[in-house]
Engineer: 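To start, I am sharing the structure in question, which I have written as structure tokens.
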Amino acid sequence: MERQKTSKIYADGLDRRDALGAVTATLSQMCFKSEIRDYFQTCVKGFDLSEDYINAYKNWLDAWQDDQTGYWGGWFATKSDGVLKSPDLSLTFHNISYQHGKVDLWTEIFATTLEIRDDAYPFGWKHNDDFNNHNNYDVTKIFDLGWSQVDGTSQKAASEDIGQIVNWCLTKSMTPDGGFVDDPTFYNSVGAAYYYGVSFLDQAGYFGTDKPFWTDAPFADGPALCCKIQKKIKSEGLDDAEAKAALEKLVDACGNCT
């Protein structure tokens, strides 16, 4: 893990960021998602997923977190023996989400997340100079998991930015009939565009009748939009795994609209 954490591109030409993300995302789900952890501990032979192993991995993750930004990301060695620590939105989201928000340095995490809003993914929220529902979902869940850990000033700033990306989602990423605009430069299917659009609005509490964590009142048109998206998915005949997952989230949020 230590060898994967720091890339020495000047020496071998390899950026280990993708490998680092893949391995840590897998290990974090094994160690921290109870249903996966229980399966490994009960059914998998040749891999001892003990409490000692889980604790050692947790300690390694904690040591990897940058104490200046609160973020996780690939580290890059320089010829002068320095190390550049990248603030990686995706790797940070996975570490926070799979640990159910049980991480340190929340004030720094909020500050960095707000600071990188207009930067390019994976070191910011934007793709092709615009917002993106996948990244919007990641950011909003990070804010949700750490909401109670920061002060009112941080909450207010995050609330304003969530409001901005909710408005972008509704006015720029959606069509009037409840569809989501595909971006083939980011998503691998139309179903994925629906999945992340639905996931973001659901995470932001848009479909529910309760007050979302980041604002003062529920959205009056949320349940109706939930049904409109359901009908659009069905009318388009979208039936891949991601479209089905989006539909399941919608049904959980507002029931099965007929």
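We use all heavy atoms of the structure for the numbers below, so side chains are in, but hydrogens, waters and symmetry mates are not.
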Engineer: Are any of the side-chain heavy atoms of I109 and V103 separated by less than 4.5 Å?
Structural biologist: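 Yes, their side chains come closer than 4.5 Å.
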Engineer: Could you tell me the separation between the CG atom of D221 and the SG atom of C226, rounded to the nearest 0.5 Å?
Structural biologist: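 The distance works out to 11.5 Å.
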Engineer: Please walk me through it: do D52 and S50 pass side chain to side chain donor-acceptor pair (under 3.5 Å)?
Structural biologist: CA-CA 5 Å; D52 286 344; S50 65; 5.1 Å; no
Engineer: Search all heavy atoms of D240 against all heavy atoms of S189 and return the closest pair with its distance.
Structural biologist: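 In terms of heavy atoms, the two residues are closest at OD2-OG, 3.3 Å.
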Engineer: In Å and rounded to the nearest 0.5 Å, what is the OG1 to CG distance from T140 to D202?
Structural biologist: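 Here the interatomic distance stands at 11.0 Å.
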Engineer: Can you confirm whether L247 sits close enough to Q230 that some side-chain heavy atom of one is under 4.5 Å from a side-chain heavy atom of the other?
Structural biologist: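 Yes, their side chains come closer than 4.5 Å.
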Engineer: Taking the side chain as every heavy atom from C-beta outward, state whether C31 and L49 have any pair of such atoms under 4.5 Å apart.
Structural biologist: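 Yes; the side chains approach each other to less than 4.5 Å.
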Engineer: Determine whether F123 and Y137 fall in the same hydrophobic cluster, where Ile, Leu, Val, Met, Phe, Trp and Tyr are linked whenever their side-chain heavy atoms lie under 4.5 Å apart.
Structural biologist: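 Each belongs to a different hydrophobic cluster.
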Engineer: Given D151 and S154, is the side chain to side chain donor-acceptor pair (under 3.5 Å) satisfied, shown in steps?
Structural biologist: CA-CA 6 Å; D151 61 20; S154 296; 3.2 Å; yes
Engineer: Between E160 and K156, is there a salt bridge with N-O shorter than 4.0 Å?
Structural biologist: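 Yes, charged N to carboxylate O under 4.0 Å.
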Engineer: Please report the C-alpha distance between L225 and F219 in whole Å, then the side-chain angles of each, then the deciding distance to 0.1 Å, and finally whether the side chain to side chain contact (heavy atoms under 4.5 Å, CB included) criterion is met.
Structural biologist: CA-CA 10 Å; L225 180 61; F219 295 91; over 6 Å; no
Engineer: Apply side chain to side chain donor-acceptor pair (under 3.5 Å) to T185 and D183, showing your working.
Structural biologist: CA-CA 5 Å; T185 68; D183 181 357; 2.5 Å; yes
Engineer: Do other residues, nucleotides or ligands put more than 12 heavy atoms under 6.0 Å from D216 CG?
Structural biologist: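 Counting neighbours around CG of D216, 12 or fewer heavy atoms of other residues, nucleotides or ligands fall under 6.0 Å, so no.
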Engineer: Could you tell me whether a side-chain N or O of N133 sits under 3.5 Å from a main-chain N or O of N136, the two making a donor and an acceptor?
Structural biologist: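 Judged by distance alone, no pair lies under 3.5 Å.
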Engineer: Among Y195, F93, Y196, whose ring pair (Phe, Tyr, Trp, His ring centres under 6.0 Å) with H134 holds?
Structural biologist: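 Exactly one candidate clears the test, Y196.
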Engineer: Flag yes if more than 12 heavy atoms outside K172 fall under 6.0 Å of its NZ atom; otherwise flag no.
Structural biologist: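 At most 12 heavy atoms, drawn from other residues, nucleotides or ligands, come within 6.0 Å of this atom.
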Engineer: Of the non-hydrogen atoms in D48 and Y53, which two are nearest, and what is the gap between them?
Structural biologist: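 Looking at all heavy atoms of both residues, the closest pair is O-CB, 4.0 Å.
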Engineer: Consider only side-chain heavy atoms of I, L, V, M, F, W and Y, link residues closer than 4.5 Å, and tell whether V44 and L27 are in one cluster.
Structural biologist: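 Looking at the clustering, L27 is in the same group as V44.
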Engineer: With rounding to the nearest 0.5 angstrom, report the OG to CZ distance, S173 to F180.
Structural biologist: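 With rounding to 0.5 Å, OG (S173) is 5.5 Å from CZ (F180).
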Engineer: Indicate yes or no for a side-chain donor-acceptor contact from E242 to the backbone of Y194 under 3.5 Å, with no hydrogens or angles considered.
Structural biologist: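 Not a single qualifying donor-acceptor pair exists.
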Engineer: For P212 versus P218, what's the shortest heavy-atom pair and its separation?
Structural biologist: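 So the two residues come closest at CD-CA, 3.9 Å.
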Engineer: Using a 3.5 Å distance criterion without hydrogens, assess whether the side chain of W64 forms a donor-acceptor pair with backbone atoms of G73.
Structural biologist: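 Yes.
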Engineer: Just by distance, do the side chain of S235 and the backbone of K232 share a donor-acceptor pair under 3.5 Å?
Structural biologist: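 Pair found, side chain donor or acceptor close to backbone of K232.
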Engineer: Check for a donor-acceptor pair, side chain of T112 on one end and backbone N or O of T69 on the other, with a separation under 3.5 Å.
Structural biologist: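 Between the backbone of T69 and the side chain of T112 there is a qualifying donor-acceptor contact (under 3.5 Å).
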Engineer: Let me confirm one number: the CG-CD distance from D104 to Q149, rounded to the nearest 0.5 Å.
Structural biologist: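 Result: 9.5 Å between the selected atoms.
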Engineer: Kindly indicate, with the supporting measurements, whether the criterion side chain to side chain contact (heavy atoms under 4.5 Å, CB included) is fulfilled by L201 and F207.
Structural biologist: CA-CA 7 Å; L201 291 175; F207 301 132; 3.6 Å; yes
Engineer: Could you tell me whether a side-chain N or O of Q65 sits under 3.5 Å from a main-chain N or O of L61, the two making a donor and an acceptor?
Structural biologist: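 Checked: no pair found.
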Engineer: State whether the number of non-hydrogen atoms from other residues, nucleotides or ligands found under 6.0 Å of K8 atom NZ is greater than 12.
Structural biologist: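 It does not: K8 NZ has 12 such atoms or fewer within range.
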Engineer: For the atom pair CD1 (I54) and CD (E51), what is the distance rounded to the nearest 0.5 Å?
Structural biologist: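 Answer rounded to 0.5 Å: 4.5 Å.
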Engineer: How far does OG of S28 sit from CD1 of I36, to the nearest 0.5 angstrom?
Structural biologist: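 Output value for this atom pair is 10.5 Å.
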Engineer: Among the clusters formed by ILVMFWY side chains lying less than 4.5 Å apart, do M1 and Y71 turn up in the same one?
Structural biologist: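 In one cluster with M1: Y71, yes.
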Engineer: Is there a side-chain contact between K58 and Q99 (heavy atoms, below 4.5 Å)?
Structural biologist: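 Of all side-chain heavy-atom pairs linking Q99 with K58, at least one is under 4.5 Å.
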Engineer: I want to check something: taking the side chain as every heavy atom from C-beta on, are V139 and D161 in contact at a cut-off of under 4.5 Å?
Structural biologist: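 Of all side-chain heavy-atom pairs linking D161 with V139, none is under 4.5 Å.
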Engineer: Does CG in D129 sit with more than 12 non-hydrogen atoms of other residues, nucleotides or ligands closer than 6.0 Å?
Structural biologist: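 Counting neighbours around CG of D129, 12 or fewer heavy atoms of other residues, nucleotides or ligands fall under 6.0 Å, so no.
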Engineer: Report yes if the side chains of L20 and W75 come closer than 4.5 Å at any heavy-atom pair, otherwise no.
Structural biologist: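 No, their side chains stay 4.5 Å or more apart.
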Engineer: Sub-3.5 Å donor-acceptor pair from the side chain of S159 to the main-chain atoms of Q155, do we have one?
Structural biologist: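 Checking the backbone N and O of Q155 against the side chain of S159, no donor-acceptor pair under 3.5 Å is found.
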Engineer: Do D88 and S86 have a side chain donor and acceptor closer than 3.5 Å?
Structural biologist: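 The criterion, which ignores hydrogens and geometry beyond distance, is not satisfied for S86 and D88.
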Engineer: Do S7 side-chain atoms and F76 backbone N/O form a donor-acceptor pair below 3.5 Å?
Structural biologist: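 No; judged by distance alone, with no hydrogens or angles, the pair does not exist.
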Engineer: State which residue, out of Y98, W60, W72, fulfils the side chain to side chain contact (heavy atoms under 4.5 Å, CB included) condition with T24.
Structural biologist: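 One option only clears the test, and that one is W60.
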Engineer: Keeping the roles fixed (side chain from N167, backbone from G163), state whether a donor-acceptor pair exists under 3.5 Å.
Structural biologist: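 No, the answer is negative, given that no donor and acceptor are paired below the 3.5 Å cut-off.
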Engineer: Shortest non-hydrogen contact from K211 to T215?
Structural biologist: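 K211 and T215 have their closest heavy atoms at CG-O, 3.0 Å.
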Engineer: Grab the two heavy atoms, one from P122 and one from R17, that are nearest each other, plus how far apart they are.
Structural biologist: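 Looks like CB-NH2, 3.4 Å.
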Engineer: Would you sort out whether I142 and W106 count as a side chain to side chain contact (heavy atoms under 4.5 Å, CB included), showing the intermediate values?
Structural biologist: CA-CA 10 Å; I142 288 172; W106 272 111; 4.0 Å; yes
Engineer: I would like to know whether W125 and D138 meet side chain to side chain contact (heavy atoms under 4.5 Å, CB included); could you show each step before the answer?
Structural biologist: CA-CA 9 Å; W125 305 16; D138 289 1; over 6 Å; no
Engineer: Would you name the heavy atoms of I233 and A246 that are closest together and state the gap between them?
Structural biologist: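 Heavy atoms only, the tightest pair is CD1-CB, 4.2 Å.
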Engineer: Kindly check if C227 and C254 bring their SG atoms closer than 2.5 angstrom.
Structural biologist: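 No.
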Engineer: Do R117 and F131 have side-chain heavy atoms sitting under 4.5 Å apart?
Structural biologist: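 Side-chain contact under 4.5 Å: yes.
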Engineer: Are D66 and E108 close enough that some pair of their side-chain heavy atoms sits under 4.5 Å apart?
Structural biologist: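 D66 does not reach E108 side chain to side chain.
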